[in-house]
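Proteins come first, then strands; the chains are lettered A, B, ... in the order of their sequence lines, and each starts at number 1.
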Amino acid sequence: MSLQTTAVPNFTSTRNACKLCSPLGACLVLRGIEGCIPLIHGSQGCSTYIRRYGISHFREPIDIASSNFVESTAIFGGKDNLFTALDNVSRSYKPAAIGVTSTCLSETIGEDVPMYLRQYEIDRAKGLRNNGGQNPAIFYASTPSYRGTHMDGFHEAVFAAVSKLVDGEKITRTESKGRINLVSGFISAEDLRELQTILGSFTTDYTLLPDYSESLDGPSWETYQKLPQGGTKPEDIKKMGEAAGTVYFGIAPGHDAGKWLEETWGVPLFRQDLPIGIENCDPFYKTLSKLSGKEIPEIWNRQRGRLIDAYIDGHKYVNSKRAIIYGEEDFVASLASFLDEIGIVPVIAATGADSQGFKKRIQGVLRNTRQEVQIADDADFVTILEMAKDLRPDFIMGHSKGLFLSRELGIPLVRCGFPIHDRIGGQRILHLGYKGTLNLFDLVCNAIMEAKQDQHDKGYTYI
Amino acid sequence: MSLQTTAVPNFTSTRNACKLCSPLGACLVLRGIEGCIPLIHGSQGCSTYIRRYGISHFREPIDIASSNFVESTAIFGGKDNLFTALDNVSRSYKPAAIGVTSTCLSETIGEDVPMYLRQYEIDRAKGLRNNGGQNPAIFYASTPSYRGTHMDGFHEAVFAAVSKLVDGEKITRTESKGRINLVSGFISAEDLRELQTILGSFTTDYTLLPDYSESLDGPSWETYQKLPQGGTKPEDIKKMGEAAGTVYFGIAPGHDAGKWLEETWGVPLFRQDLPIGIENCDPFYKTLSKLSGKEIPEIWNRQRGRLIDAYIDGHKYVNSKRAIIYGEEDFVASLASFLDEIGIVPVIAATGADSQGFKKRIQGVLRNTRQEVQIADDADFVTILEMAKDLRPDFIMGHSKGLFLSRELGIPLVRCGFPIHDRIGGQRILHLGYKGTLNLFDLVCNAIMEAKQDQHDKGYTYI
Amino acid sequence: MAEVYELPDTAEFKAEILERYPPKLAKKRAKQIIINKIENDDDVPEILANTRTIPGIITMRGCAYAGCKGVVLGPTRDILQITHGPIGCGFYSWLTRRNQTKPTTESDVNYMTYAMSTDLQEEEIIFGGEKKLRAAIDEAVALFHPRAIGIFATCPVGLIGDDVHAVARAMEEKYPDINIFGFSCEGYKGVSQSAGHHVANNKVFTDVVGLNDTFSKPGKFKFNILGEYNIGGDAFEIERIVADCGLSLHSTFSGNSTYDEFSSAHTVDLNVVMCHRSINYLAEMMEKKYGIPWFKVNFVGAEATSKSLRKIAQFYEDADLLKKTEEVIERELVEVEKVRLDVKSRCEGKTAVLYVGGSRAHHYQELLREIGITILSAGYEFAHRDDYEGRKVMPSIIVDADSRNIEELKVEADAVRYKPRLSEEKKASMEADGFAFSDYNGLMTEMPESSLVIDDCNHYELEELLDRYHPDLVCAGIKEKYVVQKRGIPMKQLHSYDYMGPFAGYKGAINFYKEIDRLLNCSAFKFTKAPWDESPELSATYAFN
Amino acid sequence: MAEVYELPDTAEFKAEILERYPPKLAKKRAKQIIINKIENDDDVPEILANTRTIPGIITMRGCAYAGCKGVVLGPTRDILQITHGPIGCGFYSWLTRRNQTKPTTESDVNYMTYAMSTDLQEEEIIFGGEKKLRAAIDEAVALFHPRAIGIFATCPVGLIGDDVHAVARAMEEKYPDINIFGFSCEGYKGVSQSAGHHVANNKVFTDVVGLNDTFSKPGKFKFNILGEYNIGGDAFEIERIVADCGLSLHSTFSGNSTYDEFSSAHTVDLNVVMCHRSINYLAEMMEKKYGIPWFKVNFVGAEATSKSLRKIAQFYEDADLLKKTEEVIERELVEVEKVRLDVKSRCEGKTAVLYVGGSRAHHYQELLREIGITILSAGYEFAHRDDYEGRKVMPSIIVDADSRNIEELKVEADAVRYKPRLSEEKKASMEADGFAFSDYNGLMTEMPESSLVIDDCNHYELEELLDRYHPDLVCAGIKEKYVVQKRGIPMKQLHSYDYMGPFAGYKGAINFYKEIDRLLNCSAFKFTKAPWDESPELSATYAFN
């Protein structure tokens, strides 16, 4: 049976969704803060599903606590469960912080979690809680699954951590020359390591948030670590108010830590798309140079040159090829820009998010194409497949859920983004910076070449 | 038509060779020395073929001069041609060095190139040559195509450069604490960059020879460079006699620069296989630590840990799988060790080189397998295919010439080594060190997973 | 069975575990961590099971929705399934289990790759989502016109006043040729996915089974397998073997299943039960309503498979069938024994722990024992007391509030279709001869003396156990996988089989032996310590107090 | 043709180039770098060609072996080819060109992926390699029993005294049903691969053509195409078009060719020549020996293709054929024109230089002109004076020592098979009507006035040219590709087509237009300069003095 059904326009239902739910995004951010444990306020299934999903991509332990609602909790409210959960997590993990996220369940029954947490903190201060003497910081992100996608949860959790931890006096900008905030968006662990290297080449004073490069892609351990090492240090988050500027990759659909830092603490905000492709990378390195007051180190010039060289070497393979891209809005916008600059037409650019600005955003980054491009927000995979039928795409770029698109259309899928659960090393894919772009460029070229080679019989081994 | 013909044992002829010719290897080394131009003494076809072949892998300009024999040269000798060529190359490129390699043609007619070169240098010193005042150093490597493979030429050229340039007084070992020589074997440009990073983390005083990381994988240029930047500096080669030790990857079939440095200059030799796999990497980092007197930097521990973690995550995909590997003796030995340690049986390990020690060498690195392994030197691809028929291999690992094996056997080819001319980025494949090993591990896992996934219909997207 | 392996210091271990819990929690967990002891052949200590997980303690359990949609209905290819709720649950349950299915013809439908959700938005949470659900059903009908549609409720559905059953009835009126039914499997129902199994099987029983008296398959000895979910193709292997014996497998609940098979499942002679936990009530209800006897089988393990085949053959009392069954067993065991003995030579004496589901932690002990591996500890994620102690304790199980939320169906003999397959006398005489019906002796009677039985084992307990007893192998789920492997211990997923398999039947046994051999003899683990690393960091340890 | 494009300062450019050479070299190159000038329609300046390359100057040329084995015999699928020599040459010529071939049935042999070599070792260099060659032939026969075997000599073969022809004769006696022949194509023969083409075609003429009088293909108007090597499937496209016109293409030398087609090639009515350089002598010899007339055609470029089709149709003087030909042309030009005009709108006014082979530097000017691109400079790698100046200069070409080394065959009319296809009178009358036979006017007559024609252009000259004139496009080979692209100029390989194609015929023209459009409008080049980079390094420049 083929999934290519007769098109029924404007579907109400979502068929093979192209988005995940909000608490998942929040949990990833929380796992990227040192010593922080996520706690989902809702049914234990949420925690189990989200752990299961994250684990299938990262192949690492992902501990996420839950307040374990049962039917009576759903009826009578979850405060006691939440308090018990906070106690147990505090005692057993001795965490530096607990990030609480809501669910559709707790939001539907109207739980006032901020109020609960204030009360918990008061009780705790009074010594009324059985918390083993542990007093982790507690952030709260409101992340009902029925509002937005995992990216809403992601940005919301960033905001929760920043707005909770940043303190201190407002400072004058000149004092802070050199300190850089980077809000990294939803990227791979390898991307985070590359960002560390890039940032480190400009300054040692930076806050990269979140940073799950070690906590979700760590080494094997000789002895088990209950809370994996790594993550943005809470004390570095605290310092974000003092920075010379915040580079913020992507757009926060709800609360925006970048804007908040600018408005509340006067930290200038430099928002840009994820640095994939020359057009998105050049401004990034330039901003870092500006904020740090340091010239762009030679290594990035060399990488940039090698990338251009590859663009030129490979342009004959990619030029005029047609791609389908999908995924998070921020990711798709960056991919679209990258593909456009190497001469590929993203004939479909789709996101599962319900986003009014998406179409204009994508159109804005397509500087070169002369062809029509289908841009769809609130899209699901069945819709994408239906759209793709007459567009003769050459390949697909996105996460593992595109496999069935790839099979139905008979074209290769270049796996990137999240989730990647049918290959190993998804967390180690480098997408960002000149080097990451080169990696994606090689993957795209080689997927196209392989498809071409596979169509030929003998006599076709140089391409 | 299938190439799977009836097996005829002990073929005299070579059918789809698994080796390249000696001058090619020499030319690659010479392109990895700063300011050095290779000059092939023979027919212009050799230079053209070798350039063409190198270019198809590296996708960079590869200038190789020739003494352009015609029929009369073959009869009356090539001295005049060689002298003219040396003059023209000296004048036009102003090189720091010219590396002369022989060919089957010049060797067959018995050209005494060393004698010619002595005479040329005398003439040049007397001002008798039309060399535009340029006096590049001249090395000579004897590389007849009928003796050995491209690896003979490779190691021969390393020896030629080292033995020509190293001078100075013998020194006592204690004085040289910290300086490291690394003879890198035939590896990718990305490997060389990784080795620079690794060496640089231990000491700034090292000689990495050859180093074509920039000269054969450079950035795009705003203005054309006749002699690409990069390469081992001749002055660093000169200092190789002063080092605390020479790490030499692989085995030189003929002249051995490592041995020569040890015997002539007292530089201790640390020979080991290419650092692919834990078993080959650990000794490398340890030797560097020992020679530099510096502890192993934390970054390598983290990479090692991440590699082990991946081994464990991926062992279920690779364990007991069966591979065919082929290529240069040094490369195959390292791959065999790597595959063995991750539980893969290299059911065929083959090299085109005629090497008595090959079988024992491979057996030596297979520490874990309980199964029989076919080890073949002097092998060609048709023979490998015939051997493979009943061995149920799961995948193939090696350069692009294995494509037809892959097609005949219906199993994936994991491209690595040289030449890779049916994909882009062959020069950027990282094979070495913990990070390179992780890269190969991911490639192997994913090739196996992809093949498995392709065999299944729907319902099989997590693996 | 029940070899004695003196797991040392279990009492001390248990005490230490409990010591670090707060008193109330310690008291509860004390009843869920049991040191096994078998008396009088099948008397075992009482265990507390099917009870709430403590908030903030990281459990291995899932929710009712996961049990209903993911586990039970998931493997059915031609019932179109619609998740009613926000997008998360529908996405996470989209092909996450490695259920395989084999449509018999090219035109057979297969909705397993299709994940349909009403994707509720804030607006519907406020104003109600039934309209959207009806629209989704309209769309599903327009697209596929399926035989049947199942609607699965997620957490907020009941709370916002949506009635999936009312919608199902209304839409059935609109589309009279389509069987439409809803599942009240909100995630907070019950204490684990077990609740979801129950919701699922109840609905399949009331709304599907018994509707079709005509659909049939060729063959003489017709039976159903209940509680076999075709993970890794297990059902295919079982189908292969029973067919070779001359049996006719009518319907598998629910591996590789179809709507026709479900709706005509009441026409067979016999039900055999694989996973007691998830489905024993369905067997009971079918016996009551249709007169089909049932007994427990186990196709995991070569010996268990042979035993199960023989029992089925005995049930039919047919000489040919008995003969063919013996032939199949003899034929299959040749290769099984060859591999088993080879693998055993390398695995003998190794130790394992299993924390899985509601029957696999029991079944897989068979396979492990066959290659000489000793079980140190085992437990279920979501089982009830009877799964540990055997069905004889069922009358004494106290039904608590959480269980009461799951409807207990009142079943009576069907006026038309009730037909006892065995007379009372016949059944009694067979039982007198030692032929057990409606049987299950539970996990503990087959566990080694003094081994640890832990219900709803959590991360803390698992980690302590690993640190104390260093088992050579852990069998659990993906959430535990990397916790275990990070400490250098091989781990086998027994929910998804690590997307390998089959592990059931004879070929499955061979696969499993080899897989365990590979795991236990994998060299990757030996590299954990760098040769220059002499002072490993000390690990943090849990402390609840 | 011959539009005037005043390439500025060519004389100054030439003077500067030569200035930096040593005097002897400058004198020679002065005769090879020509500023084009066309008088009396087809009088062009004399150029020095087919002369030795100077040692140490990096040439684009290959060797005789490459021309013989790689270019001419390479595309033939059923002549088993053995390289006699050390391993390098055999390896490098293994499927390096993108020759395509289409076996007509599953059982048809195709040896193109098979690279057989005697892999000579030091021992054979000392003691002779004939024994090993004989063994290789035995093996080839045992493996495949091919119709024909070709032996290709590499550099050392003649020098060590091996006689490939003697071995071929001896082995032919051993295997009387196999046609075995050797090629003396040692790499140092001649001054370029042109020598190899000659060696190859001579041997095919003496040892293959004329052996088979019976093999034939259906159709009325039989002809051969000479000098078409099926790069990128060019021959397939030509086959498609001529078949549509109603012509019967018998044999292509040597794209997509077979032994049967070669050996019966003497049975056709007409030879048409694509690559004049590599094969004009074969056309001449076939005319002398078998009476087959020939003329030059060109299927590269839409206009050239139409012209060539019309000329062939005219040759046959058949009304139906003429009509069908016009229909085909009309039909094909619809799409061609659509794409051409679109592409031209973006490419008009751009400039190109071409240094390729022995005819492509000429043919591809047609295609480039069709989309409005002006040729600044062109030249051949391995052509002779007639390829530049036209066949009328052939009598005046002085045969030097290097050319004399390549056997010039003495050909006489075949006693049995000579059959003039046209009477002397008929031919004369057609020629009087302007129908040219045995014609080729050369590259220079069609180049723009004052453009630069450079024979055996080397890297130094190419780079200077690029720096001076900044063409928008370079067409050459892979060795030049990255030299050109490193400076940010798009480069099209015309030896291998960058493994694209076809570029011949109508569909090929469309492909080529689009490809050039892509190249010239590729955005990658614009990034060369980083936005923060304000002081690029100065480049080194060549200096010969």
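- With a 4.5 Å cut-off on non-hydrogen atoms, B:Ile40 does not touch chain D at all.
- Side chain of B:Gln44 to backbone of D:Gly62: a donor-acceptor contact under 3.5 angstrom is found.
- By number of non-hydrogen pairs under 4.5 angstrom with chain B, the leading residue of D:Tyr65, D:Phe527, D:Phe525 is D:Tyr65.
- The backbone N or O of D:Arg61 lies less than 3.5 Å from a partner atom in the side chain of B:Thr48, making a donor-acceptor pair.
- Taking chain D as the reference chain and counting heavy-atom pairs below 4.5 Å, the highest number among B:Ile109, B:Val89, B:Thr73, B:Asn81 is found for B:Asn81.
- Per-residue heavy-atom pair counts under 4.5 Å with chain D were compared for B:Ile64, B:Leu39, B:Ile62, B:Asp87, and the maximum is reached by B:Ile64.
- No hydrogens or angles considered: a donor-acceptor pair under 3.5 Å links the side chains of D:Glu139 and B:Thr12.
- Atom CG of D:Leu159 is separated from atom CG of B:Leu105 by 6.0 Å, given to the nearest 0.5 angstrom.
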Evaluate the criterion side-chain contact (heavy atoms from CB on, under 4.5 Å) for residue pair B:Thr14 and D:Met116; output intermediate values, then yes/no. CA-CA 6 Å; B:Thr14 296; D:Met116 198 166 189; over 6 Å; no
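- At least one side-chain heavy atom of D:Pro22 sits under 4.5 Å from a side-chain heavy atom of B:Arg91.
- Neither the backbone nor the side chain of B:Phe83 comes within contact range of chain D; no heavy atom of the residue lies under 4.5 Å from a heavy atom of that chain.
- With a 4.5 Å cut-off on non-hydrogen atoms, B:Pro219 touches chain D through its backbone but not through its side chain.
- Scanning for salt bridge (Lys or Arg N to Asp or Glu O under 4.0 Å) contacts around B:Glu60 gives D:Lys486, with sequence neighbours left out.
- B:Asn88 places a side-chain N or O within donor-acceptor distance of the main-chain N or O of D:Pro55, the cut-off being under 3.5 Å.
- Within the 4.5 Å cutoff, the side chain of D:Tyr460 has no heavy atoms near those of the B:Tyr93 side chain.
- Options D:Gly190, D:Ala401, D:Ser117, D:Ala195 differ in how many heavy-atom pairs under 4.5 Å they form with chain B, and the most are formed by D:Ser117.
- Counting heavy-atom pairs under 4.5 Å between each of B:Pro144, B:Gly45, B:Ser43 and chain D puts B:Ser43 at the top.
- Side-chain atoms of B:Ser13 and D:Thr118, non-hydrogen and from C-beta on, never get closer than 4.5 Å to each other.
- When the shell of 6.0 Å around CD of D:Glu123 is examined, it contains 12 or fewer heavy atoms from other residues, nucleotides or ligands.
- Classified by interplanar angle (parallel below 30°, tilted 30° to 60°, perpendicular above 60°), the ring pair D:Tyr92/B:Tyr49 is parallel.
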Exercise for review: Go through B:Lys19 and D:Phe91 one step at a time and tell me if the side-chain contact (heavy atoms from CB on, under 4.5 Å) criterion holds.
Suggested key: CA-CA 8 Å; B:Lys19 59 180 175 181; D:Phe91 189 93; over 6 Å; no
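- Here OH of D:Tyr499 is found 11.0 Å from CG of B:Asp422. Values are rounded to the nearest 0.5 Å.
- Both the backbone and the side chain of B:Thr84 come within contact range of chain D, judged by heavy atoms closer than 4.5 Å.
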Residues D:Ile54, B:Asn68; criterion side-chain contact (heavy atoms from CB on, under 4.5 Å); working and verdict
CA-CA 7 Å; D:Ile54 306 300; B:Asn68 299 64; over 6 Å; no
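- Judged by distance alone, the side chain of B:Asn16 and the main-chain N or O of D:Thr113 form a donor-acceptor pair under 3.5 Å.
- Looking at D:Ile478, the atoms closer than 4.5 Å to chain B (heavy atoms on both sides) sit in the backbone and in the side chain alike.
- Side-chain contact between B:Tyr146 and D:Ile126 is absent, with no heavy-atom pair separated by less than 4.5 Å.
- Rounded to the nearest 0.5 angstrom, B:Arg52 CZ and D:Lys479 NZ are separated by 8.5 Å.
- Interatomic distance, B:Ser66 OG to D:Ile57 CD1, rounded to the nearest 0.5 Å: 11.5 Å.
- Using a 4.5 Å cut-off on side-chain heavy atoms (C-beta onward), D:Lys189 and B:Glu71 make contact.
- B:Leu20 touches chain D through backbone and side chain together, each having a heavy atom under 4.5 Å away.
- A distance of 13.5 Å separates OH of D:Tyr114 from CZ of B:Phe404, quoted to the nearest 0.5 Å.
- Neither the backbone nor the side chain of D:Ile137 comes within less than 4.5 Å of any heavy atom of chain B.
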### Query
B:Arg15 and D:Leu143: side-chain contact (heavy atoms from CB on, under 4.5 Å), yes or no, with the steps?
CA-CA 11 Å; B:Arg15 300 161 303 151; D:Leu143 285 168; 3.5 Å; yes
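- Heavy-atom minimum distance, D:Pro86 versus B:Ser145: CB-OG, 3.4 Å.
- Here the SG atom belonging to D:Cys155 is positioned 13.0 Å from the CD atom belonging to B:Glu107, to the nearest 0.5 angstrom.
- Within 6.0 Å of NZ on D:Lys526 lie more than 12 heavy atoms contributed by other residues, nucleotides or ligands.
- Of the N and O atoms on the side chains of D:Arg52 and B:Ser72, at least one donor lies less than 3.5 Å from an acceptor on the other residue.
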